[in-house]
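Sequence lines set the chain letters: A, B, ... in the order given, protein chains first and strands last, and positions in each chain run from 1. Every value quoted in this text rests on a predicted model; they were computed, and no experiment measured them.
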There are 2 protein chains.
Amino acid sequence: MRMTALPPPWDSVDDRLRARGLRWTPQRATVIEVLAEADGHVSGAELVERCRLRDPSTIPSTVYRTLDVLEELGLVRHGHGPDGREEFHVRPVEEHGHLHCAECGNSWELGNERAAAVADALRATDGFEIDIGHVTLVGRCRDCAAGA
Amino acid sequence: MRMTALPPPWDSVDDRLRARGLRWTPQRATVIEVLAEADGHVSGAELVERCRLRDPSTIPSTVYRTLDVLEELGLVRHGHGPDGREEFHVRPVEEHGHLHCAECGNSWELGNERAAAVADALRATDGFEIDIGHVTLVGRCRDCAAGA
DNA sequence: CTGTCTATTGCAACGTTTCGCAATAAGCCT
DNA sequence: AGGCTTATTGCGAAACGTTGCAATAGACAG
């Protein structure tokens, strides 16, 4: 039924799972297919919904457990949006963070170099290596701060 | 039934509510009493549980709604723990952040001055005024980073 | 003290995510 | 192809929060 082969890094997931004593199942294949088409950010609920589109018998807990496994393989990373809900970084091409303005509600990405400045500040004071992509930093953007 | 008056800033909450056209109710009094004894950090679930101890008829949604109101008055601030769950900063004596090591699971507070370094780094690059207390920064602590 | 206005409550249902457990089915060996 | 082992699944329940709505009850004016 599948017309095209999955693009890397998704093409060899089945072998990588088996190499670890884990198993390749149709449910996992569904999640992988959805992820392969979803580069960027997706919430857990979105992922479940898209899987259900392909396979109406999809069970949420299976999706979440598959995501856990894929995170161990390094294929996705989970983080948390401004409201604390789960958010998955798919195929993280580049490390980046997220900013969210509590006043106007807008969000921005925090690119590599600028994220590095934050990471450096923490490393210098605490020796702490922050995972900048894990949480959404909340505060007020330049414009809202100026207006208040 | 209450033996002692509430300490500031809790002593005049009723008047401050009324001054805004809001109301002083027994349910809100219960939440205030619990908060007055809980300086520091408390999760939403803990707050509900402690309220239920005083008043078994406590309803969760009422507690959460009261917390929203108190946040508007500036008496509490909500944030998110490493797992994204809600966490309330009660009577924030000093602004501070939180660090959590994903490897060893320990957590630390990020005091005023060190938090300022992070805030400065962001302000310099984006003009973004971070609310450092809102989220728990996740990463690896000095020891875990060294060991890996 | 009574009446009016509307903020708040209680309740029930929902959304997101996690967990335990018994049944199923991958993977592998012969 | 058949059998064994155990990773996964499906399912139900639970934890944490949020939301809509009708009923209740603060606050204030007269």
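- At a threshold of 4.0 angstrom between heavy atoms, the contacts of B:R23 include nucleobase atoms, whether or not backbone atoms are also involved.
- Base engagement by A:S61 is indicated by at least one non-hydrogen atom pair under 4.0 Å involving a base atom.
- Between the CZ atom of A:R16 and the C1' atom of C:dA26 there is a distance of 19 Å, rounded to whole Å.
- The phosphate of D:dT18 has neither OP1 nor OP2 within less than 4.0 Å of any side-chain N or O from B:Y64.
- For B:A45, taking side-chain heavy atoms from C-beta onward, the closest of the listed nucleotides C:dG27, D:dG17, C:dC11 is D:dG17.
- Atom pair A:E46:CD and C:dG15:C1' shows a separation of 14 Å (rounding to whole Å applied).
- In this entry the distance linking CG of A:L67 with C1' of D:dT8 reads 15 Å, nearest Å.
- Considering only heavy atoms from C-beta on, A:I132 comes within 4.5 Å of A:E95 through its side chain.
- Judged by distance alone with a 3.5 Å cut-off, no donor-acceptor contact links the side chain of A:R20 to the base of C:dG27.
- Rounding to whole angstrom units, CD1 of residue A:I59 and C1' of C:dT18 are separated by 15 Å.
- Counting to the nearest Å, the C1' atom of D:dT19 and the CG atom of B:D68 are 12 Å from each other.
- Note on A:T25: a side-chain N or O is less than 4.0 Å away from OP1 or OP2 of D:dT9.
- Across the protein-nucleic acid pair, B:E87 atom CD and D:dC16 atom C1' stand 14 Å apart, rounded to whole Å.
- Not a single donor-acceptor pair, N or O on each side, falls under 3.5 Å between the base of C:dG15 and the side chain of A:R85.
- Of the candidate nucleotides C:dT9, C:dT18, D:dG10, C:dT9 has the atom nearest to the side chain of B:Q27.
- Proximity note for A:L22 (side chain, C-beta onward) versus D:dA7, C:dT16, D:dT9: the nearest is D:dA7.
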Q) Passes ring-ring contact (aromatic ring centres under 6.0 Å, His included), A:H78 versus A:H89? Steps please. A) CA-CA 6 Å; A:H78 89 274; A:H89 288 197; 9.6 Å; no
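- The same ILVMFWY cluster, assembled from side-chain heavy atoms under 4.5 Å apart, contains both B:V34 and B:L17.
- Ranked by how close their nearest DNA chain C nucleotide is to the 5' end, B:R65 and B:G21 are led by B:G21.
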Q | Evaluation steps, salt bridge (charged side-chain N to carboxylate O under 4.0 Å, His left out), between B:R77 and B:E71 | A | CA-CA 6 Å; B:R77 288 259 284 277; B:E71 183 151 21; 5.5 Å; no
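- When only modelled atom types and interatomic distance are considered, B:H80 and B:H98 share no side-chain donor-acceptor pair under 3.5 Å.
- As rounded to whole Å, 10 Å separates atom P of D:dA27 from atom CH2 of B:W24.
- As rounded to whole Å, 15 Å separates atom C1' of D:dT9 from atom CG of A:L17.
- Contacts of A:R18 with the nucleic acid, taken as non-hydrogen atoms under 4.0 Å apart, involve only primed sugar atoms and P, OP1 or OP2.
- Picking from C:dT8, D:dT9, D:dG26 the nucleotide with the shortest atom distance to the side chain of A:R28 gives D:dT9.
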